[in-house]
Amino acid sequence: MKRTPLIPLALLLLVAAVFLAVPAMSQQDMTTVPTEGFKQTTRLPAVFAHDAHNEKAALADCSACHHGEKDGKRDNSADTSGIPCSDCHSAQAKPGKTPLMRAFHRQCMGCHMDKQKGPVTCGDCHEPAPKK
Ligand code: HEC
Ligand code: HEC
Ligand code: HEC
Ligand code: HEC
């Protein structure tokens, strides 16, 4: 009787491990920011080698970009890694909400400007990989 809960727990952990391994691969393979949240695009996708970028920029805290939501407000203590920004930021403007393009631009450029590192001009992000 006392032991039975261990089996479902072990199964759950196994399922979780398999589940987590899949998005981890796509995040490693990411070279540009996905554009799925936009109905149509006018620019090439923004260059963003997820893991390499975050290593170079020394961003260990996932919630620096993947924040959450609490009472309609931004929750910086939540970690929403793997959830597309477009789940919460729609391409269409809504009152009191940051639309998708602005959400990306503010987050990416905001930090680049703060740190005075990283691209801030259109062509440096919306282009095939910059030469190194
Ligand atoms: C720091 C990087 C960065 C810079 C600089 C930047 N963007 Fe973006 N932009 C993004 C990201 C990220 C997205 C969302 C996903 C994507 O396009 O890959 C985006 C999305 C867009 C979109 C909506 C999607 C589309 O293709 O229609 C437009 C339009 C756009 N940017 C135009 C601009 C213009 C114009 C400039 C210069 C004034 C600019 N961006 C500068 C990163 C950047
Ligand atoms: C500099 C900002 C930034 C940081 C820091 C960051 N990410 Fe991301 N991550 C992104 C962006 C942007 C996307 C694409 C979001 C979208 O599709 O709307 C993304 C997507 C992902 C995805 C989905 C991959 C896919 O192919 O669908 C996973 C998983 C992920 N991140 C995990 C993490 C984890 C784990 C950490 C911390 C170790 C982390 N991220 C830190 C910006 C960041
Ligand atoms: C779970 C929901 C959720 C997710 C996922 C999410 N956000 Fe947000 N974000 C919010 C809420 C809520 C706010 C505050 C209301 C608003 O501005 O829309 C906000 C605000 C913002 C702001 C405005 C902050 C300011 O100072 O004006 C930016 C920029 C932003 N998010 C970028 C992003 C990016 C980029 C991603 C994906 C990497 C992302 N968000 C993912 C919920 C979310
Ligand atoms: C919290 C800070 C922060 C955020 C958010 C951030 N960056 Fe950066 N980014 C940096 C720093 C710091 C560098 C410079 C790294 C270096 O070379 O030392 C950088 C460099 C870059 C570079 C140059 C090439 C490289 O990989 O080093 C690109 C392209 C870039 N960022 C794109 C983006 C895009 C697109 C986003 C939004 C999805 C984004 N960044 C969000 C801090 C940030």
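Throughout, numbering of the chain's residues begins at 1 and tracks the sequence. As the structure lists them, so they are numbered: ligands from 1, and atoms in each ligand from 1. Treat the numbers as computed from the prediction; the structure is a model and nothing was measured.
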**Student:** What atoms in ligand 3 come closer than 4.0 Å to a heavy atom of Lys97?
**Tutor:**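 It comes down to these atoms of ligand 3: 16 (C), 18 (O).
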**Student:** Taking all heavy atoms of Asn76 and all of His67, pick out the closest pair and write down the distance.
**Tutor:**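 Shortest heavy-atom contact: OD1-CB, 3.9 Å.
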**Student:** Should you measure from each heavy atom of Lys73, which atoms of ligand 3 turn up under 4.0 Å away?
**Tutor:**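 Those qualifying, in numeric order: 12 (C).
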**Student:** If we set the cut-off at 4.0 Å for heavy atoms, which region of Pro34 has an atom near ligand 2: side chain, backbone, both, or neither?
**Tutor:**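 Only the side chain of Pro34 comes within reach of ligand 2.
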**Student:** At a 4.0 Å threshold, what atoms of ligand 4 neighbour a non-hydrogen atom of Cys111?
**Tutor:**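 Answer, ordered by atom number: 1 (C), 2 (C), 3 (C), 4 (C), 5 (C), 42 (C), 43 (C).
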**Student:** Return the option from Glu55, Gln28, His66 holding the heavy atom at the smallest distance from atom 10 (C) of ligand 2.
**Tutor:**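 That would be His66.
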**Student:** Tell me the nearest of Asp29, Asp51, Asn54 to atom 41 (C) of ligand 2, using heavy-atom distances.
**Tutor:**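 Residue with the shortest heavy-atom distance to the ligand atom: Asn54.
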**Student:** Does Asp71 reach the main-chain N or O of Lys73 with its side chain, forming a donor-acceptor pair under 3.5 Å?
**Tutor:**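 No; judged by distance alone, with no hydrogens or angles, the pair does not exist.
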**Student:** Using distance alone, decide if ligand 2 has a nitrogen or oxygen within less than 3.5 Å of any nitrogen or oxygen in His50.
**Tutor:**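 By distance alone, the answer is yes.
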**Student:** Taking His112 for its side chain and Pro119 for its backbone only, find out whether a donor-acceptor pair lies under 3.5 Å.
**Tutor:**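 Yes, the answer is positive, given that a donor and an acceptor are paired below the 3.5 Å cut-off.
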**Student:** Going by the order shown, which atoms of ligand 2 are within less than 4.0 Å of some heavy atom of Ser81?
**Tutor:**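 Ligand 2 atoms under the 4.0 Å threshold to Ser81: 32 (C), 33 (C), 34 (C), 35 (C), 36 (C).
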**Student:** So for ligand 4, is Asp124 a polar contact partner (N or O within less than 3.5 Å, distance only)?
**Tutor:**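 No - when backbone and side-chain N and O of Asp124 are compared with those of ligand 4, no distance drops under 3.5 Å.
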**Student:** Which is closest to atom 23 (C) of ligand 2 by heavy-atom distance: Gly118, Gly82, Ala60?
**Tutor:**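 Heavy atom nearest to atom 23 (C) of ligand 2 belongs to Gly82.
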**Student:** Mind checking whether Pro99 and Lys94 have side chains closer than 4.5 Å, heavy atoms only?
**Tutor:**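 No, every pair of side-chain atoms sits at 4.5 Å or beyond.
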**Student:** For ligand 2, which part of Glu36 has a heavy atom less than 4.0 Å away: the side chain, the backbone, both, or neither?
**Tutor:**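 It is neither; nothing of Glu36 touches ligand 2.
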**Student:** Let me check something: do Val33 and Met101 share a hydrophobic cluster, defined by ILVMFWY side-chain heavy atoms less than 4.5 Å apart, either directly or through other members?
**Tutor:**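 Same cluster: Val33 reaches Met101 through Ile, Leu, Val, Met, Phe, Trp or Tyr contacts under 4.5 Å.
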**Student:** Is it true that Thr121 and Asp124 share a donor-acceptor pair across their side chains at a distance under 3.5 Å?
**Tutor:**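 Per modelled atom types, Asp124 and Thr121 side chains form a pair under 3.5 Å.
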**Student:** Quick one: closest heavy-atom pair of Asp79 and Cys62, and the distance?
**Tutor:**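 Where Asp79 meets Cys62 most closely, the heavy atoms are OD2-CB, 3.5 Å.
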**Student:** With a 4.0 Å cut-off on heavy atoms, does Pro119 reach ligand 4?
**Tutor:**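 Contact check Pro119 vs ligand 4: positive.
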**Student:** May I ask you to check if any N/O/S atom from Cys62 comes under 2.8 Å of atom 8 (Fe) of ligand 2?
**Tutor:**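 Of the N, O and S atoms in Cys62, none lies under 2.8 Å from atom 8 (Fe) of ligand 2, which means no.
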**Student:** Applying salt bridge (Lys or Arg N to Asp or Glu O under 4.0 Å), name anything that partners Lys97, two or more places apart in sequence or on another chain.
**Tutor:**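 Counting only residues at least two positions away or on another chain, Lys97 forms a salt bridge (Lys or Arg N to Asp or Glu O under 4.0 Å) with Glu69.
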**Student:** Could you tell me whether a side-chain N or O of Thr35 sits under 3.5 Å from a main-chain N or O of Pro45, the two making a donor and an acceptor?
**Tutor:**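 No; zero donor-acceptor contacts below 3.5 Å.
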**Student:** For His53 and ligand 4, does the shortest N/O to N/O distance drop below 3.5 Å?
**Tutor:**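 The answer is yes, given that His53 and ligand 4 share an N or O pair closer than 3.5 Å.
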**Student:** Which atoms of ligand 3 are found less than 4.0 Å from any heavy atom of Gly72?
**Tutor:**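 Numbered from 1, ligand 3 contributes 12 (C).
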**Student:** Of all the atoms in ligand 4, which lie at a distance below 4.0 Å from a heavy atom belonging to Val47?
**Tutor:**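 Listed by number with element: 29 (C), 32 (C), 35 (C).
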**Student:** Would Arg106 count as being in polar contact with ligand 3, using the rule that some N or O on each side must be under 3.5 angstrom apart?
**Tutor:**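 There is such a contact, yes.
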**Student:** Might you point out which heavy atoms bring Gln27 and His50 nearest each other, and give the distance in Å?
**Tutor:**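 For Gln27 versus His50, the nearest heavy atoms are O-CB, 3.2 Å.
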**Student:** Who pairs with Arg106 by side-chain hydrogen bond (donor to acceptor under 3.5 Å, both in side chains), at least two apart in sequence or on another chain?
**Tutor:**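 So Arg106 forms no side-chain hydrogen bond (donor to acceptor under 3.5 Å, both in side chains) with any residue.
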**Student:** Do the side chain of Thr32 and the main chain of Ala46 share a donor and acceptor less than 3.5 angstrom apart?
**Tutor:**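 Pair absent, no side-chain N/O of Thr32 close to backbone of Ala46.
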**Student:** In terms of atom number and element, which parts of ligand 4 are under 4.0 angstrom from non-hydrogen atoms of Lys56?
**Tutor:**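 Result: 17 (O), 18 (O), 25 (C), 27 (O).
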**Student:** For the pair Phe38 and Phe104, name the ring-plane relationship: parallel under 30°, tilted 30 to 60°, perpendicular over 60°.
**Tutor:**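 Taking Phe104 first and then Phe38, their aromatic rings sit tilted (interplane angle of 30° to 60°).
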**Student:** Of all the N, O or S atoms in His112, which has the shortest distance to atom 8 (Fe) of ligand 4?
**Tutor:**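 Closest to atom 8 (Fe) of ligand 4 among those atoms: NE2.
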**Student:** Could you grab the protein N, O or S atoms closer than 2.8 Å to atom 8 (Fe) of ligand 3 for me?
**Tutor:**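 Near atom 8 (Fe) of ligand 3, below 2.8 Å, one finds His67 NE2, His89 NE2.
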**Student:** Is any side-chain heavy atom of Met113 closer than 4.5 Å to a side-chain heavy atom of Val120?
**Tutor:**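 Result yes, sub-4.5 Å side-chain heavy-atom pair found.
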**Student:** Does His89 reach the main-chain N or O of Thr98 with its side chain, forming a donor-acceptor pair under 3.5 Å?
**Tutor:**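 The answer is yes, because a donor-acceptor pair under 3.5 Å joins these two groups.
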**Student:** Judged on heavy-atom distance to atom 34 (C) of ligand 4, which of Cys108, Ala57, Cys65 sits nearest?
**Tutor:**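 It is Cys108 that holds the nearest heavy atom.
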**Student:** So, regarding Ser86 and ligand 2 (criterion: nitrogen or oxygen to nitrogen or oxygen, under 3.5 Å), is there a contact or not?
**Tutor:**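 For ligand 2, there is no N or O atom that lies under 3.5 Å from one belonging to Ser86.
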**Student:** By side-chain hydrogen bond (donor to acceptor under 3.5 Å, both in side chains), which residues pair with Ser63, not counting sequence neighbours?
**Tutor:**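 Residues passing side-chain hydrogen bond (donor to acceptor under 3.5 Å, both in side chains) with Ser63: Asp61.
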